[in-house]
Amino acid sequence: NTGRSYAADAIERTVSVTNQAHHFVFTGVEHLPFGSGSFGGERAWTRALFGGFEFSQIVQIYSGSPLAITATSCQTNPAQSTCMPTLNPAFTGSARTTKHWSGFGPNITPSAVSGTGAPTGPFVSPTLANTAYMPAYTFGNAPRTAPYGLTGPGFFGMDISLRRSFPLHITETTKLNLQADLYNVTNFVQFGNINTSVGNASFGIPSSQNNNPRQAQLSARIEF
């Protein structure tokens with residue numbers, strides 16, 4: 001029966017790690033109206049000082065990608081290094097914001113990772129393998145990606161640029177281009193390389209910054 005097969009194979013289906021629910025990109029280029037008209041009159045010196053500037057920007061905003069959660073040991077084969085973790089059927093709430101050990105918040109309860117007592121977090125600790133909580137010869141039942149809807153951090157980035165060209169009158173096309181660039185204007189920090197192995201002491205902890213801090217660049221170029 002096709003319907004039954006689809007339901008039975010549900011554990012094999014999941015979203016891709018590249019799936020992003022929202023991704024917004026905006027780019028723009030504006031010729032600033034200063035140095036002429038009502039913003040500077042028609043005086044030669046205002047045109048020379050304020051005219052001809054071009055402003056551009058790139059804005060990116062996107063949600064986090066699904067995390068592929070694994071476990072450090074498997075009850076089906078102890079020699080196997082990675083497998084799907086087991087969901088805790090007694091867990092309710094958000095795995096990202098829970099006060100129990102989820103690896104995605106500042107409040108971590110050691111009892112959930114030590115294996116002493118019943119599991120309290122969203123995943124059953126691998127130390128409880130081959131117990132009533134994770135019986136031997138059973139497979140982990142967590143989705144391959146985004147169990148409990150867990151995704152990596154989202155991103156917000158804005159880069160801006162201001163440029164102006166000056167004719168050099170050497171040839172008809174020779175000009176001097178001056179440009180000022182500012183990257184990551186808001187100095188937004190995006191963490192990356194999140195440990196996604198349940199049972200690892202660093203589970204859920206990012207190990208690095210995935211983007212560059214705010215940076216500025218000034219450049220001059222002569223075009224012939």
Side-chain angles (χ1 to χ4, degrees), residues 6-28 56-74 76 80-89 91-109 112-113 119-126 134 139-160 181-215:
Y6 184 86
D9 295 337
I11 195 172
E12 298 295 333
R13 296 189 301 272
T14 187
V15 294
S16 168
V17 293
T18 61
N19 180 69
Q20 290 175 330
H22 308 93
H23 199 139
F24 172 82
V25 179
F26 172 82
T27 60
S56 60
Q57 63 286 145
I58 300 175
V59 178
Q60 286 197 78
I61 308 172
Y62 53 82
S63 53
S65 299
L67 293 176
I69 308 297
T70 60
T72 56
S73 62
C74 311
T76 53
Q80 189 174 348
S81 58
T82 58
C83 60
M84 294 299 103
T86 299
L87 303 178
N88 177 9
F91 176 79
T92 59
S94 171
R96 184 179 295 274
T97 59
T98 178
K99 292 184 179 180
H100 298 299
W101 181 73
S102 66
F104 294 86
N107 302 312
I108 299 175
T109 53
V113 296
T120 56
F123 303 102
V124 179
S125 172
M134 291 172 62
F139 293 96
N141 59 1
R144 294 186 180 185
T145 59
Y148 299 103
L150 291 174
T151 60
F155 177 77
F156 173 83
M158 177 187 294
D159 303 328
I160 60 175
D181 302 307
L182 189 61
Y183 304 100
N184 192 6
V185 176
T186 60
N187 207 28
F188 179 86
V189 177
Q190 184 192 33
F191 294 105
N193 298 322
I194 298 173
N195 188 302
T196 56
S197 181
V198 176
N200 189 296
S202 299
F203 173 63
I205 300 176
S207 60
S208 63
Q209 181 175 345
N210 240 15
N211 65 330
N212 294 319
R214 183 189 298 121
Q215 296 178 345

Undergrad: May I ask you to test the Asn195-Ser207 pair for a side-chain heavy-atom distance under 4.5 Å?
TA: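 Of all side-chain heavy-atom pairs linking Ser207 with Asn195, none is under 4.5 Å.
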
Undergrad: Please check if the side chain of Thr145 supplies one atom and the backbone of Ser16 the other of a donor-acceptor pair under 3.5 Å.
TA: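 No, because the side chain of Thr145 does not come within donor-acceptor range (under 3.5 Å) of the backbone of Ser16.
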
Undergrad: Ignoring hydrogens and angles, tell me if any N or O in the side chain of Asn211 forms a donor-acceptor pair with the backbone of Phe188 under 3.5 Å.
TA: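 Here the side-chain-to-backbone pair exists.
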
Undergrad: Verify, without hydrogens or angle tests, whether Asp159 (side chain) and Asn184 (backbone) share a donor-acceptor contact under 3.5 angstrom.
TA: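 A pair under 3.5 Å: yes.
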
Undergrad: Spell out, as yes or no, whether a donor-acceptor pair under 3.5 Å connects the side chain of Asn88 to the backbone of Gly121.
TA: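 Yes; judged by distance alone, with no hydrogens or angles, the pair exists.
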
Undergrad: So, does Asn141 use its side chain to make a donor-acceptor pair with the main chain of Leu87 at under 3.5 Å?
TA: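 Between the backbone of Leu87 and the side chain of Asn141 there is a qualifying donor-acceptor contact (under 3.5 Å).
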
Undergrad: Work out which heavy atom in Ile69 is nearest to a heavy atom in Pro147; give both atom names and the distance.
TA: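 Ile69 and Pro147 have their closest heavy atoms at CG1-CG, 3.5 Å.
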
Undergrad: Closest heavy-atom contact between Asn200 and Thr72?
TA: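 Closest approach of Asn200 to Thr72: N-CG2, 3.8 Å.
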
Undergrad: Is it the case that the side chain of Tyr62 and the backbone of Gln20 share a donor-acceptor pair, with hydrogens and angles ignored and the cut-off at 3.5 Å?
TA: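 Checking the backbone N and O of Gln20 against the side chain of Tyr62, no donor-acceptor pair under 3.5 Å is found.
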
Undergrad: For Tyr183, which residues count as a ring pair (Phe, Tyr, Trp, His ring centres under 6.0 Å) partner, sequence neighbours excluded?
TA: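 Residues passing ring pair (Phe, Tyr, Trp, His ring centres under 6.0 Å) with Tyr183: none at all.
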
Undergrad: Out of curiosity, Ile194 CD1 to Ser202 OG, how far, rounded to the nearest 0.5 Å?
TA: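 Going from the CD1 atom of Ile194 to the OG atom of Ser202 covers 12.5 Å.
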
Undergrad: Which pair of heavy atoms, one from Gly64 and one from Thr151, lies closest together, and at what distance?
TA: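 Here Gly64 and Thr151 meet closest at O-CB, 3.8 Å.
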
Undergrad: Can you check side chain to side chain contact (heavy atoms under 4.5 Å, CB included) on Ile61 and His22, steps first, answer last?
TA: CA-CA 8 Å; Ile61 308 172; His22 308 93; over 6 Å; no

Undergrad: Whether the side chain of Thr76 engages the backbone of Phe139 through a donor-acceptor N/O pair (distance < 3.5 Å, no angle test) should be reported.
TA: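 Not at all, since once roles are kept as given, no pair shorter than 3.5 Å links the two residues.
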
Undergrad: Supply the atom-to-atom distance Thr86 OG1 to Phe123 CZ, rounded to the nearest 0.5 angstrom.
TA: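 Spacing of OG1 (Thr86) from CZ (Phe123) equals 10.0 Å.
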
Undergrad: Kindly indicate, with the supporting measurements, whether the criterion side chain to side chain contact (heavy atoms under 4.5 Å, CB included) is fulfilled by Ile160 and Leu182.
TA: CA-CA 5 Å; Ile160 60 175; Leu182 189 61; 3.8 Å; yes

Undergrad: Calculate, to the nearest 0.5 Å, the distance between atoms OG1 and CE belonging to Thr70 and Met84 respectively.
TA: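 CE of Met84 is found 6.5 Å from OG1 of Thr70.
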
Undergrad: Looking at every non-hydrogen atom in both residues, tell me the closest pair between Ser197 and Ala71 and how far apart they are.
TA: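 Looking at all heavy atoms of both residues, the shortest contact is OG-C, 4.1 Å.
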
Undergrad: Listed by chain and number, what are the ring pair (Phe, Tyr, Trp, His ring centres under 6.0 Å) partners of Phe156, not counting sequence neighbours?
TA: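 Once residues adjacent in sequence are excluded, Phe156 has no partner under the ring pair (Phe, Tyr, Trp, His ring centres under 6.0 Å) criterion.
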
Undergrad: Please give me the minimum heavy-atom distance between Asn212 and Gln215, naming the atom from each residue.
TA: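 What the structure gives for the nearest pair is CB-NE2, 4.0 Å.
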
Undergrad: Might you point out which heavy atoms bring Thr186 and Arg214 nearest each other, and give the distance in Å?
TA: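 Distance-wise, the nearest heavy atoms are C-NH2, 3.8 Å.
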
